[in-house]
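All remarks here apply to the structure that follows.
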Protein chains: 2
Amino acid sequence: MKELKQRSTCPVSTSLDVLGDKWTLLILRDMVFEGKSTYGQFMQSEEKIATNVLADRLAALESQGILTKTVAEDKKSKFTYRLTEKGIDTIPIIVELVLWGTKHLATVVNPVLLEELQAGKDAAIGKYQRNARENSLS
Amino acid sequence: MKELKQRSTCPVSTSLDVLGDKWTLLILRDMVFEGKSTYGQFMQSEEKIATNVLADRLAALESQGILTKTVAEDKKSKFTYRLTEKGIDTIPIIVELVLWGTKHLATVVNPVLLEELQAGKDAAIGKYQRNARENSLS
DNA sequence: TTATTTCACTTGCTATTTGCAAGTAATATA
DNA sequence: TATATTACTTGCAAATAGCAAGTGAAATAA
């Protein structure tokens, strides 16, 4: 598993030690904006993460307290992944990536999200954070 | 050089295609918060980037229009790297990484920056963006 | 004017990480 | 009881990162 090697005590550096790869924040994006919570749902994303990388990242995120893993309510053979407060607090980072990509790169945003962000960034962040908190209870 | 392979049209994904590795945002951090602008200055950071990786990332950042490379004023054998507006617009992302790392990980922040952020995130972002814009003129 | 140093890289090699395809084990459904 | 689904693991090839040494142009020192 991707273990935490801290390169320095700088918060940018240490945050990147945890989140700074090509896949971790996409998993969190799927949880925040798509409401995904299972391995199979993460596999369906259009970016096509490899199975071993997904398993590795989910284990790392769990070990770092960013998400929790529990047996699913409907099936004993499934697991449900839910964001912790530490995970919910990554939402502003993801939103800033959305805004930068939308402004400077060739991307297509979900129009609902775009409208919410245009109406007010902080309100949109608050909405998705409250939403994630509700899901973390069930 | 690290070339841009776009995995999807999602802005989070595409932003990560550009910025989502262990080193790119640290180079931008050094430019924004430390006022660094030369290869030698980037090499001095405590995270110890490898020379070939630094050269690669600077070339990629230039080719993506995030920074510009010009011959230094004082010496013809040196280059000066400066942020473009596209680069200056990454500051909110870096600031969110500072905030998340400070809250959830074992880090040590520059007390000046900490105070500025506590006094108001948007004001602090605005200050560093204005600062970067000034440097980009000279 | 020549010698040495500085600066910004490049090169070559090894180690680590990622990507792909196939396999497995525990349920769940037919 | 047989087939399918789910969440992985395993093995290997390809890509990326890390380390040490080397290079060439320009600046400084003798």
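Quick note on labels: first sequence line is chain A, next is B, and so on, each numbered from 1. Here the structure is a predicted model, which means the values were calculated and not measured.
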Looking only at side-chain N and O atoms, does W23(B) come under 4.0 Å of OP1 or OP2 in dG18(D)?
yes

Tell me: CD1 of I49(B) to C1' of dT10(C), nearest whole Å?
15 Å

Starting at CZ of F42(A) and ending at P of dA7(D), how long is that distance when rounded to a whole Å?
10 Å

May I ask you to verify whether the side chain of T51(B) and the base of dT10(C) hold a donor-acceptor pair under 3.5 Å?
yes

Taking the minimum atom-to-atom distance to the side chain of Y39(A), which one of dC9(C), dT9(D), dA27(D) wins?
dT9(D)

From CZ of R7(B) over to C1' of dA15(D), roughly how many Å is that when rounded to an integer?
14 Å

Here the distance between atom C1' of dC20(C) and atom CE of M43(A), to the nearest Å, is 11 Å

For the residue pair Y81(B) and F42(B), categorise the inter-ring angle as parallel (less than 30°), tilted (30 to 60°) or perpendicular (more than 60°).
tilted

Closest nucleotide of DNA chain C for K76(A) versus for K22(A): which of these residues is on the 5' side?
K22(A)

Which part of the nucleic acid, if any, lies within reach of N52(B) when heavy atoms closer than 4.0 Å are counted: base, sugar-phosphate only, or nothing?
base

Spacing of L54(A) atom CG relative to dT9(D) atom C1', expressed in whole Å:
13 Å

Can you tell me if K5(A) touches the phosphate of dG18(D), counting only side-chain N or O atoms and a distance under 4.0 Å to OP1 or OP2?
no

State whether R133(A) and E85(A) are salt-bridged, where the test is any N-O pair (Lys NZ or Arg NE/NH1/NH2 against Asp/Glu carboxylate O) under 4.0 Å.
yes

Nearest to the side chain of A50(B), heavy atoms from C-beta on, is which of dT27(C), dC19(D), dT10(C)?
dC19(D)

Check every strand shown and say whether Y81(B) touches a base, only sugar-phosphate, or nothing at a heavy-atom separation below 4.0 Å.
sugar-phosphate

Interatomic distance, E73(A) CD vs dT6(D) P [rounded to whole Å]
17 Å

Measure from CG on L58(A) to C1' on dA7(D) and round the result to the nearest Å.
10 Å

Under 3.5 Å, is there a donor-acceptor pair between the S8(A) and S13(A) side chains?
yes

Considering only heavy side-chain atoms of K69(B), the closest of dA17(D), dC9(C), dC7(C) is dC9(C)

Per atom distances to the K78(B) side chain, the nearest of dA8(C), dA28(C), dA7(D) is dA8(C)

Write down the distance between NZ (K75(A)) and C1' (dA4(D)), rounded to a whole number of angstrom.
10 Å

5' precedence on DNA chain C between D21(A) and S77(A) (nearest-nucleotide basis):
D21(A)

Enclosure of E115(B) CD (heavy-atom neighbours >12, cutoff 6.0 Å):
no

Is any NZ, NE, NH1 or NH2 atom of the basic residue among E46(B) and R7(A) found under 4.0 Å from an Asp or Glu carboxylate oxygen of the other?
no

